[in-house]
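Here's the structure we're looking at; comments come further down.
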There are 2 protein chains.
Amino acid sequence: MDIVSLLRDSGLRATKSRIAVLSFLEQQRVPISISEIAEKLGAVVDPVTVYRIIDAAKGAGIVKEVNLGTGSISYELAPDGHGHHHVVCTSCHKIADVSSCHEELLSRDALKEARGFASITGHSLEFFGLCKSCS
Amino acid sequence: MDIVSLLRDSGLRATKSRIAVLSFLEQQRVPISISEIAEKLGAVVDPVTVYRIIDAAKGAGIVKEVNLGTGSISYELAPDGHGHHHVVCTSCHKIADVSSCHEELLSRDALKEARGFASITGHSLEFFGLCKSCS
DNA sequence: TAGTACCTGCAAAAAAATTGCAAGTACTAT
DNA sequence: ATAGTACTTGCAATTTTTTTGCAGGTACTA
């Protein structure tokens, strides 16, 4: 799915700035913070606009917030709504992707326990560990 | 376990400010951001010190970063190292706790998939859904 | 192709996070 | 109990991040 269709299908206009930001996000192999995006795209998109674009895309469910334990929030493109997960090396911050997560099992159990909740629509899951070089 | 012992056992000095911040954190029923802590404890602990205390406590593994999808990182006391998880209502931001998470299963599968990793030492898991009032 | 609702950039401000340093404090070993 | 020492803190100042308002520009609709 190309970025333009992704935007339109999410009810967002396919503007030059949005295409630039989401394409950039798509090229990243790992999640990235807003200020890093703003810095890298500085020549093309105003920082203020980057904030607004990420906000809109998050609202539309096409980018996902990720907390890699670095103290700041990172973002990644999640075209299908439910992205993958990550393993982060607590020593060198290397990141690997993980896709399996037993979603149904987890959600079912969580819903059973969570008092006052009617449904579970998504989740965020990250692992921390040591990569082979650091261990 | 009282806060003083918790600090000492983690190799941190039990200072007045640290006790104040961690006790406050312990009283919260939901994770809270650094600036909220700083604001609430403003009369007692300097904001700069709050930042440094959270940083030290995070390093020592007695507070945990939590991403509740709000765009900012929250913190909670995690005396035992591995806290519980949460379900967040995407409409009203109500939060419920969840403890079951099939940790061994998840970690084993993640390690199998994560190329270049030697071990998994922890994880972060949050659920998003709708509470009964909002659904 | 014109209309309109939505987006963007700029300038400015507010808020959050970091740094350096001097004074204060917790812990250790007398 | 006490003095030494290394770690902590508060303050002031700075830097970085995030938000806001508004005028002009642009994507999409009919």
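Each chain gets a letter, A, B and so on, in the order its sequence line appears, and its residues count up from 1.
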*Using atom CD of A:Glu36 as one end and atom P of D:dT17 as the other, report the distance to the nearest whole Å.*
9 Å
*Counting any heavy atom closer than 4.0 Å, what does A:Ala14 reach on the DNA or RNA strands: base, sugar-phosphate only, or nothing?*
sugar-phosphate
_Could you tell me how far apart B:Ile73 (CD1) and D:dT17 (P) are, to the nearest whole angstrom?_
14 Å
*From A:His123 NE2 over to A:Thr121 OG1, what is the distance, rounded to the nearest 0.5 angstrom?*
11.0 Å
*Take B:Arg13 and B:Ile34, find for each the nucleotide of DNA chain C with the closest heavy atom, and name the residue whose nucleotide sits nearer the 5' end.*
B:Ile34
*Given atom NZ of B:Lys16 and atom P of C:dA26, what is their separation to the nearest angstrom?*
9 Å
_Upstream residue (5' side of DNA chain D) when B:Arg52 and A:Val48 are each assigned their closest nucleotide_ = B:Arg52
*asked:* I need the CG-P distance between A:Leu7 and C:dC6, as an integer number of Å.
replied: 16 Å
*B:Ser35, nearest nucleotide to its side chain (from C:dA17, C:dC27, D:dC11)*: C:dA17
*Charged N to carboxylate O under 4.0 angstrom, B:Asp55 versus B:Arg52?*
no
_Under 4.0 Å from OP1 or OP2 of C:dG9: is there any side-chain N or O of A:Ser17 that close?_
yes
*Are the side chain of B:Gln28 and the backbone N or O of B:Phe24 linked by a donor-acceptor pair below 3.5 Å?*
yes
*Is a side-chain donor or acceptor of B:Glu126 paired with a backbone partner of B:His86 at a separation under 3.5 angstrom?*
yes
*Check the side chains of B:Ser124 and B:Glu65 for a donor-acceptor pair under 3.5 angstrom, ignoring hydrogens and angles.*
no
*Expressed in angstrom and rounded to an integer, what is the separation of B:Glu39 atom CD from C:dA15 atom P?*
10 Å
*Take the protein atom CG of B:Asp46 and the nucleotide atom P of D:dT8, then report the distance between them rounded to whole Å.*
16 Å
*asked:* Heavy atoms only, 4.0 Å cut-off, all strands: where does B:Val44 land among base, sugar-phosphate and nothing?
replied: sugar-phosphate
*Do any side-chain nitrogens or oxygens of B:Thr15 fall under 4.0 Å of OP1 or OP2 in C:dT25?*
no
*asked:* Please compare B:Leu12 and B:Tyr51 by the position of their nearest nucleotide in DNA chain C and report the one closer to 5'.
replied: B:Tyr51
